[in-house]
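Here the structure is laid out as C-alpha cells; the discussion comes afterwards.
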Amino acid sequence: MSTPEENRSLNFIEQIIEDDLRTGKNESRVHTRFPPEPNGYLHIGHAKSICLNFGLAKKYNGLCNLRFDDTNPVKEEQEYIDSIKADVRWLGFDWEDREFYASDYFDQLYQWALQMIRAGQAYVCDLAGDEIREYRGTLTAPGRNSPYRDRSVDENLDLFDRMKDGEFADGSRTLRAKVDMASPNLNMRDPVMYRILHATHHRSGDKWCIYPMYDFTHGQSDSIERITHSICTLEFENHRPLYDWYIQQLGIYAPRQIEFARLNLTYTVMSKRKLLSLVKEGHVSGWDDPRMPTICGFRRRGYTPEAIRNFCARIGVAKFDGVIEIQLLEHCLREDLNRRALRVMGVLNPLKVVIENYPEGESEELDAVNNPEDPEAGTRKVPFSRVLYIEQDDFREDPPKKYFRLAPGREVRLRYAYFITCKDVVKDPKTGEVVELRCTYDPATRGGDSPDGRKVKATLHWVSAEHAVEAEVRLYDHLFTKENPEEADEGQDFTANLNPNSLEVLPSCYIEPSVAGAAAESFFQFERLGYFNVDSDSTSKKMVFNRTVTLKDTWAKIEKRGQG
RNA sequence: UGGGGUAUAGUGUAACGGCAGCACGACUGACUCUGGAUCAGUUAGUCUAGGUUCAAAUCCUAGUACCCCAGCCA
C-alpha cells in the first residue's frame, strides 16, 4: 500500500496509476488514449481530456493514442477529423504514428459478435425501437424479455448474416446482448450491440450496413490497443459494468475505465449539440468564431496553447461536477501574454490632439521599449508629430475625484515622448461633443522625464495621426449573459441567454506604425487597452485585431466604488 | 418506491485518523513612464445530526442536496 507522503498532491487518477505501477499491473505500462467522435469541433472541455491523457502518458513514460470513435456514420465527417487533428497538434500534443479509428476494428468486432452469438450470449431481436423501449421497463420497474431472446444459435447466425448482407431495412432488427432484463442498471437490460444503418461511412464507405454501438466498440478498441487506463467522463460511469462485461465474455485484455468530471465554464455552453446549433442557426460566424469555447475559437481569439494547458493543469481532476469561473482561464492567458506580448500604443476611440507649439510638417522618432518585463524584447522607434490621437477615455473636461488623466489645464506625460498640457478644448458647435484638444508640449521633457523633477500623475498612450496604421478592432464579451446559461428558465431555449453585446466592432482605430504587416495570430498589448491578436480571418483591407482579454481596469473599479 | 456517483472559503482543488493548505476572485497597502504588471497583506471553508477515538474533512450510522441513467447517439 502507498504512504501518504508519496501520494501528496497526486490526483485520484495518478494515484490509481501509481498503485498499478507499484503492483506491476499491465507489465507496468501506462497507455492512454484520446477518443473523440468526429461529429464536431473540439472545445475547451476536450482540452482538459487531451491534457489529461497525453499528460499522464508523458508523466509516466507511456503512450497516448489518438482514436476516432467513428461508429455512427450519419453524424461523422472528414472535416471534423481534420479539425480535431489540427487542434490537438496546436495544443502541443503528438500522437506520433498512433492514429486509430474504431472503424478499422469493424471486422474484428464482427467476429466477436459472431463469437457471442455462438456462445448463446447474443441474439437477433425483431422488436421495433419503441417496442424495445417498452420492453426495457423503467428506472423503477424491471424490463421483460424480448420474445426473440431464445432463438437458436443457428437462426441468430443466419439472421445476423443477412443483416450484414443488407437484406433488412434500417431499424427492423438489432443484435442484442443477452444480459439481464431485470438489472437495476438499464445499460445491462439486453443492450443493442449492432443496428442496421444503410449509410455511407466517411471511411469504410458502403462496406457495412450494420454498425456497432458505442458500448460494443469502446472497450474492445481499448483492449485491441492495449490501453491500460481508459479515462472518460462521469456520464459513462453507468456504462462501466457493460464495458467490463463485454471484455470478460470475450476473454480479451482488460483495460480499466476511470471516470472524471467534465469541464464546465461560466458564461458559455459546452455541449456539442448546442455548439452545433449556434453555428447552424447563425448566432456565431462558425466553429472558430472567437466567442466560441472551441479550441479553434480560442485560437482565433488570441489564446495561446500554453495558457490553455496551464489552465487545464490548474483546474485539477476530480469527480465533483462543478463549474469553473472563466476568470481563471483569463488569468492564465494574461499570465502568459504578459510575458510575451509586445507592447504597442493604440487608440481605440480617437480624440485629436494638436500640439500648438510643435512645428507643422515635422516629425521625430522616439525610443519605446517593447516589453518592460522582458529586456530581451528590445526597443523600437515611434514617430511623433504635431497632430496626435489619444484615447477619448483619457480626457475628461470635468474630471471626477481621483481621475489623474488629461483635463483642461492639466499636465500629463505622453508615454516615451513629452509632457503636454491641455490649453483648450474644441467642441462641435452642434452636439457640444469634444472633438479636439489644443495642447502645448515641453521640449525639455523629451523621452518622458522632466529635468526639473516635475512629476505628472498620469502617462497616456498616443499615436501620431499621420503615421498611424488604421485598423479595425473587435471587442468580445461573454457569449452568454448568464453564468450558467444551461440553467435557462423552465422550457426556455438556451439561446435566450445569448449576449447581444458579445461582439463590438470598432472600425476606426489607430495603432502605431510598428504593427504594420504583423503576421496573423501574433499578439500585442495595446498599452492599457488589453491584449490583442492579429486576426487571420480578415477580409477587411485594414488590419483586424481581436481583443483577446482585457487588462484589469482599476479605474473602472474606482469609478464604480464612487457611484456605489 | 430503482441504480450509479458527488459534497472542503464566492469558484476550483489539496490534506488519505494528527496544525484545514494552494490557486483564481474580492478587498487593503507599497511601487511603477501602462490606474497594467510586480510586491506585501486581509477576507472567507469541511452538507446536516448522531457515534467511535486522546484526536475525525478523513472511520461508523442516519439524513439532506445536487449530478448521471429508460438512443437502434457517443
Side-chain angles (χ1 to χ4, degrees), chain A residues 2-4 7-11 15 35-37 39 69-72 74-76 125 127-129 132-134 136-143 170-176 183-189 191-197 210-211 213-215 217-218 232-241 259 261 266 272-273 314-325 327-332 334-335 338-339 343 345 368-369 372-373 402-405 413-417 447-449 456-461 525-531 550-558:
Chain A
S2 52
T3 67
N7 280 346
R8 201 167 301 275
S9 264
L10 295 183
N11 67 45
Q15 290 184 30
E37 181 189 14
N39 67 342
D69 227 337
D70 55 350
T71 57
N72 185 357
V74 305
K75 285 187 169 184
E76 297 151 6
C125 181
L127 254 22
I132 288 187
R133 190 178 318 125
E134 194 192 319
R136 183 156 36 226
T138 67
L139 294 176
T140 51
D170 287 6
S172 60
R173 285 186 164 86
T174 56
L175 182 71
R176 293 228 258 163
S183 171
N185 182 341
L186 304 219
N187 293 311
M188 300 301 272
R189 319 242 264 227
V192 172
M193 295 161 62
Y194 270 90
R195 76 283 218 188
I196 302 173
L197 236 37
I210 55 171
Y211 290 92
M213 300 288 290
Y214 165 86
D215 285 308
T217 306
H218 203 92
C232 63
T233 46
L234 251 26
E235 66 268 27
F236 291 102
E237 259 170 336
N238 296 326
H239 294 249
R240 180 158 24 95
E259 310 85 10
T266 55
K272 272 193 200 170
R273 204 199 92 238
R314 286 193 192 211
I315 57 179
V317 182
K319 296 191 75 163
F320 177 67
D321 188 21
V323 186
I324 309 275
E325 292 176 337
Q327 284 87 341
L328 179 58
L329 213 209
E330 293 175 345
H331 165 83
C332 291
R334 287 193 193 99
E335 186 177 58
N338 184 50
R339 273 199 305 267
R343 313 303 147 95
M345 294 192 283
V369 310
E373 250 99 309
K402 290 189 180 172
Y403 183 88
F404 301 139
R405 284 117 95 168
R413 170 169 40 227
L414 294 181
R415 189 154 208 219
Y416 304 123
D449 282 309
V456 288
K457 280 189 146 175
T459 300
L460 308 187
H461 52 149
Q525 185 196 109
F526 297 169
E527 301 280 350
R528 223 176 56 231
L529 296 174
Y531 297 97
T550 57
L551 263 43
K552 287 183 196 164
D553 186 355
T554 313
W555 167 247
K557 209 186 287 174
I558 292 170

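In this structure, a donor-acceptor pair under 3.5 Å is present between the side chains of A:Thr459 and A:Arg413.
OP1 or OP2 of B:A74 lies within a sub-4.0 Å distance of a side-chain N or O belonging to A:Thr71. Contact annotation: A:Gln15 reaches the phosphate of B:A15 (side-chain N/O to OP1 or OP2, under 4.0 Å). Regarding contacts with the backbone of B:G35, a side-chain N or O of A:Arg528 is found under 4.0 angstrom from either OP1 or OP2. In this model, the phosphate group of B:U34 is not approached by any side-chain N or O of A:His461 to a distance below 4.0 Å at OP1 or OP2. For A:Lys272, no side-chain nitrogen or oxygen approaches OP1 or OP2 of B:C73 to under 4.0 Å. Between A:Arg136 and B:G71 there is a side-chain N or O to OP1 or OP2 distance below 4.0 Å. In terms of phosphate contacts, A:Ser183 brings no side-chain nitrogen or oxygen within less than 4.0 Å of OP1 or OP2 of B:G3. OP1 or OP2 of B:C73 has at least one side-chain nitrogen or oxygen of A:Arg195 nearer than 4.0 Å. A:Lys319 has no side-chain polar atom (N or O) that falls below the 4.0 Å cut-off from OP1 or OP2 of B:C67.
The partner of B:A37 is absent, by the rule that a Watson-Crick or G-U pair needs both atom distances under 3.5 Å. Partner assigned to B:C73 is none, using Watson-Crick or G-U wobble distances below 3.5 angstrom. Pairing partner, B:A26: B:U42, with both Watson-Crick or wobble hydrogen-bond distances short of 3.5 Å. Nucleotide B:G18 is matched to B:C54 when pairs are restricted to Watson-Crick or G-U wobble geometry with both distances under 3.5 angstrom. With a 3.5 Å ceiling on both atom-pair distances, the Watson-Crick or G-U wobble partner of B:A7 is B:U64.
Per the geometry, CD belonging to A:Gln327 stands 7 Å off P belonging to B:A26, to the nearest Å. What separates CD of A:Glu527 from P of B:G35 is a distance of 9 Å, to the nearest Å. If you measure from atom CD of A:Glu235 to atom P of B:C69, you get 8 Å, rounded to the nearest angstrom. Counting to the nearest Å, the P atom of B:A74 and the NZ atom of A:Lys75 are 8 Å from each other. Note: OH (A:Tyr194) to P (B:G71) measures 22 Å, nearest angstrom. Straight-line distance from the CG atom of A:Leu127 to the P atom of B:G71: 14 Å, rounded to whole Å. In this structure, the CG atom of A:Leu460 is 10 Å from the C1' atom of B:U34, given to the nearest Å. The CG-P distance, from A:Leu328 to B:G12, rounds to 11 Å in whole Å.
For the pair A:Thr174/A:Met213, no side-chain contact is recorded, criterion being any heavy-atom separation below 4.5 Å from C-beta on. At a threshold of 4.5 Å between non-hydrogen side-chain atoms, the residues A:Pro241 and A:Asn187 do not count as touching. A 4.5 Å side-chain heavy-atom check between A:Lys552 and A:Arg334 finds at least one atom pair inside the cut-off. Contact annotation: the side chain of A:Leu551 approaches that of A:Gln525 to within less than 4.5 Å [non-hydrogen atoms, C-beta and beyond]. Under the 4.5 Å side-chain criterion, counting only non-hydrogen atoms from C-beta, A:Asn72 is in contact with A:Leu197. Residues A:Val369 and A:Tyr416 have side chains in contact (heavy-atom distance under 4.5 Å, counting atoms from C-beta outward). A heavy-atom distance below 4.5 Å is found between the side chains of A:Tyr531 and A:Asn338.
Taking the side chain of A:Tyr403 as heavy atoms from C-beta on, and the options B:G2, B:G35, B:C27, the nearest nucleotide is B:G35. Counting only heavy atoms from C-beta on, A:Ile324 has its side chain closest to B:G12 among B:G5, B:G12, B:A74. Distance from the side chain of A:Ala318 is smallest for B:A14 among the nucleotides B:G36, B:A14, B:C72. The nucleotide whose nearest atom lies closest to any side-chain atom of A:Lys552 is, among B:A14, B:A23, B:G36, B:G36. Closest approach to the A:Glu37 side chain among B:A14, B:C27, B:A74 is made by B:A74 (side chain taken as heavy atoms from C-beta onward). Checking B:G35, B:C24, B:G2 against every side-chain atom of A:Arg314, the shortest atom distance belongs to B:C24. In the set B:C69, B:C27, B:G12, B:C69 carries the atom at the smallest distance from any side-chain atom of A:Leu139. Of the candidates B:G36, B:C73, B:C24, B:G36 carries the atom nearest the A:Asn338 side chain, counting heavy atoms from C-beta on. Looking at the side chain of A:Phe320, the nearest of the listed nucleotides B:G12, B:C24, B:A74 is B:G12.
Residue contacts shown for A:Ala458 are absent, as no nucleic acid heavy atom lies under 4.0 Å away. Note on A:Met345: nothing from the nucleic acid sits closer than 4.0 angstrom, heavy atoms only. When heavy atoms are screened at a 4.0 angstrom cut-off, A:Glu325 is found touching base atoms of the nucleic acid. Counting non-hydrogen atoms under 4.0 angstrom, A:Arg334 reaches nothing in the nucleic acid. A:Val317 comes within 4.0 angstrom of the backbone, heavy atoms only, and of no base. Within the nucleic acid shown, A:Arg415 comes within 4.0 Å of at least one base atom, counting heavy atoms only. Across all strands, A:Val74 comes closer than 4.0 Å to no nucleic acid atom at all (heavy-atom distances). Among the protein residues, A:Gly171 comes within range of the nucleic acid bases, having at least one heavy atom under 4.0 Å from a base atom. Counting any heavy atom pair closer than 4.0 Å across all strands shown, A:Tyr211 reaches no nucleic acid atom. At a threshold of 4.0 angstrom between heavy atoms, the contacts of A:Ile210 with the nucleic acid are absent. If you check every strand for non-hydrogen atoms under 4.0 Å, A:Thr554 touches sugar and phosphate atoms only. As judged by a 4.0 angstrom heavy-atom cut-off over every strand, A:Lys457 is placed among residues making no nucleic acid contact. If you check every strand for non-hydrogen atoms under 4.0 Å, A:Asp449 touches a base.
Judged by atom type and distance alone, A:Glu373 reaches the base of B:G36 through a side-chain donor-acceptor pair under 3.5 Å. No hydrogens or angles were tested; on distance alone, a donor-acceptor pair under 3.5 Å links the side chain of A:Gln525 to the base of B:U34. Below the 3.5 angstrom threshold, one finds no donor paired with an acceptor across the side chain of A:Asn238 and the base of B:G5. Below the 3.5 angstrom threshold, one finds no donor paired with an acceptor across the side chain of A:Arg133 and the base of B:G71.
Within 90° of 0 lies the glycosidic angle of B:G71, which makes this nucleotide syn.
Stacking is found between A:Phe404 and the pyrimidine-like six-membered ring of the B:G35 base under the 5.5 Å centre-distance and 30° plane-angle cut-offs.
Two residues, A:Tyr416 and A:Asn72, neighbour RNA chain B, and the one matched to the more 5' nucleotide by heavy-atom proximity is A:Tyr416. Along RNA chain B, the nucleotide nearest to A:Asp170 and the one nearest to A:Arg413 differ in position, and the one closer to the 5' end is contacted by A:Arg413.
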A:Lys319 and A:Glu237: salt bridge (charged side-chain N to carboxylate O under 4.0 Å, His left out), yes or no, with the steps? CA-CA 11 Å; A:Lys319 296 191 75 163; A:Glu237 259 170 336; 2.6 Å; yes
Pair A:Lys75, A:Glu37 - check salt bridge (charged side-chain N to carboxylate O under 4.0 Å, His left out), show working. CA-CA 9 Å; A:Lys75 285 187 169 184; A:Glu37 181 189 14; 5.6 Å; no
